[in-house]
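Note: hydrogens, waters and symmetry copies are ignored here, and every other heavy atom, side chains too, is used.
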Amino acid sequence: MMNEPPSLITSLPDDVLLDILARVPRCNYPTLSLVSKHFRSLVVSREIYSRRFLLSCTENFLYVLVKGILRDRLYILHQKASLVHISSISDMPDCESFVGVGSRIYMFGGIFYTSSKAFSIDCRSHTVQPIPDMPIPMSCTVADVMDSKIYVFGYCSVKSMVMVVFDTRTQMWESGLIKPDIVAMSTWEVGCMVVMADKIYINDNWKSYVYVPKESKWETDEMLDSKTWDDNPCVVDDVLYYYDCFRNCLRAYDPKDKCWGVVRGLEELLPEIWSDSDTVCFGRNLALYFCKTEEEHESRTSKIWCAEISLERRQGMIWGKVEWCDQLALEIRQAVTTFSFIPQEYEVNGDGGVQYENTYVGQWELGLIKTDISLETWELVSMVVMADKIYIRSDLNSFFYTPTESK
């Protein structure tokens with residue numbers, strides 16, 4: 001039997017192939033990589049991304065990290081509400097803060113412990129790569145980027161906080177530590193960090209502080225402190241946005257005018273949001289993630305939704321327009337209770353949700369388990385169970401208890 005002749009496109013010179021493939025939307029690259037090994041090497045090459053840039057065919061993508069019970073999963077948002085699991089990253093590093101710079105996502109700091117490890121994800125090949133260790137082990141970190149430099153702020157000990165700087169151009173850490181000179185910081189629970197107008201804004205649950213890198217000095221902003229903006233804010237065109245779940249509105253803060261405002265035009269969307277949400281900068285638009293809950297028998301199914309909102313200034317006010325709003329293909333199941341809990345037996349679904357198999361009723365054991373660790377300044381934040389140990393996180397540090405050894 002005669003072999004079929006090669007198709008016309010596969011016989012083209014690489015330079016012509018690159019010019020064609022660079023014009024194809026990136027969401028089709030996984031399919032193109034199945035054509036041949038040669039195509040697979042082309043769609044992950046540096047040359048095709050350089051060509052996309054020259055042809056003005058670059059695209060913005062949202063990456064979604066879903067925190068799971070057994071492992072975390074990274075997804076990419078394609079074609080509005082289509083979430084595609086990045087299967088090549090099966091083991092996400094256990095990090096606290098994430099920053100997107102160019103075609104890479106940088107990850108820093110431990111969650112339940114101090115760590116100096118740092119990583120980056122190459123979004124072209126979807127591979128995890130280590131980068132040089134941080135100058136000092138840190139936990140409870142927040143981070144953001146300014147002028148190609150990533151500023152990472154967090155705890156280096158129970159009551160000591162520092163900021164370190166990573167230069168993404170040289171892929172090296174700058175020498176020295178930036179220590180806050182504001183006394184009140186010693187009791188912080190770090191909430192978030194954003195960059196606006198060449199300044200770094202850091203927020204705890206009580207107050208905001210501003211660092212000016214060009215002048216190496218710390219400042220405060222009383223007007224910014226008039227709102228509690230520590231819950232997943234984002235910055236678009238040097239304006240800070242966050243969803244106020246108490247007033248059910250999208251708030252905006254302009255650091256130049258030092259004033260707060262409310263984004264108009266979202267009256268139909270916002271009543272759909274019943275809980276905390278995430279805001280993310282998406283080019284010059286804003287992406288808003290939120291949950292809708294449906295009750296079924298004795299359980300609740302929380303469905304994650306996403307809305308893309310374009311922003312416009314008119315007559316001194318900021319107006320928002322919902323470009324699209326749809327449910328993401330991901331569900332999280334919870335029992336109907338004020339406190340979240342994990343039954344003894346469960347099964348992780350393919351979509352990352354948890355299907356509960358059974359629960360049972362037990363009795364309280366006699367006696368109290370008292371910690372021998374000083375907790376006088378701690379505010380407890382969360383608890384998880386891993387490998388027969390109980391990990392407890394506070395606003396300052398983390399520790400774990402081993403029930404089988406009572407220690």
Run the numbers on F153 and Y209 for side-chain contact (heavy atoms from CB on, under 4.5 Å), then give the verdict. CA-CA 12 Å; F153 186 84; Y209 295 91; over 6 Å; no
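For R264, there are no salt bridge (charged side-chain N to carboxylate O under 4.0 Å, His left out) partners two or more places apart in sequence or in a different chain. Applying the ring pair (Phe, Tyr, Trp, His ring centres under 6.0 Å) rule to F61 yields the partners H78; only residues at least two apart in sequence or on another chain are considered. Remark: D244 engages R251 in a salt bridge (charged side-chain N to carboxylate O under 4.0 Å, His left out) (not counting sequence neighbours). By the side-chain contact (heavy atoms from CB on, under 4.5 Å) test, S310 is found to be paired with N285, K321, E323, residues two or more places apart in sequence or in another chain being considered.
At least one donor-acceptor pair under 3.5 Å links the side chain of R52 to the backbone N or O of C57. No donor-acceptor pair under 3.5 Å is formed between the side chain of W305 and the backbone N or O of C325.
Taking a 6.0 Å sphere around CE of M317, one finds it holds more than 12 heavy atoms contributed by other residues, nucleotides or ligands.
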Contacts under 3.5 angstrom, residues 39-48 side chains, donor-acceptor by atom type, not counting sequence neighbours:
| unit_1 | atom_1 | unit_2 | atom_2 | d |
| --- | --- | --- | --- | --- |
| R40 | NE | S33 | O | 3.3 |
| S41 | OG | H38 | O | 2.7 |
| S45 | OG | L42 | O | 2.7 |
| S45 | OG | I48 | N | 3.4 |

Name the atoms and distances for all side-chain donor-acceptor pairs under 3.5 Å in residues 99-107, with sequence neighbours left out.
| unit_1 | atom_1 | unit_2 | atom_2 | d |
| --- | --- | --- | --- | --- |
| R104 | NH1 | S120 | OG | 3.0 |
| R104 | NH1 | Q129 | OE1 | 2.8 |
| R104 | NH2 | Q129 | OE1 | 3.3 |
| Y106 | OH | Q171 | NE2 | 2.9 |

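Ring-plane geometry between Y49 and Y29 is classed as perpendicular, the angle between the planes exceeding 60 degrees on a 0 to 90 degree scale with a lower cut at 30.
The two residues D230 and C192 come nearest to each other via the heavy atoms CA-SG, 3.6 Å. Closest heavy-atom contact between L270 and C249: CD1-CA, 3.6 Å.
Aromatic rings of W324 and F282 (six-membered ring for Trp) have centroids beyond the 6.0 Å cut-off, not under it.
In summary, K199 and D221 do not engage in a salt bridge, as defined by a charged side-chain N under 4.0 Å from a carboxylate O.
Side-chain contact between Y201 and V235: absent, with no pair of heavy atoms (C-beta onward) separated by less than 4.5 Å.
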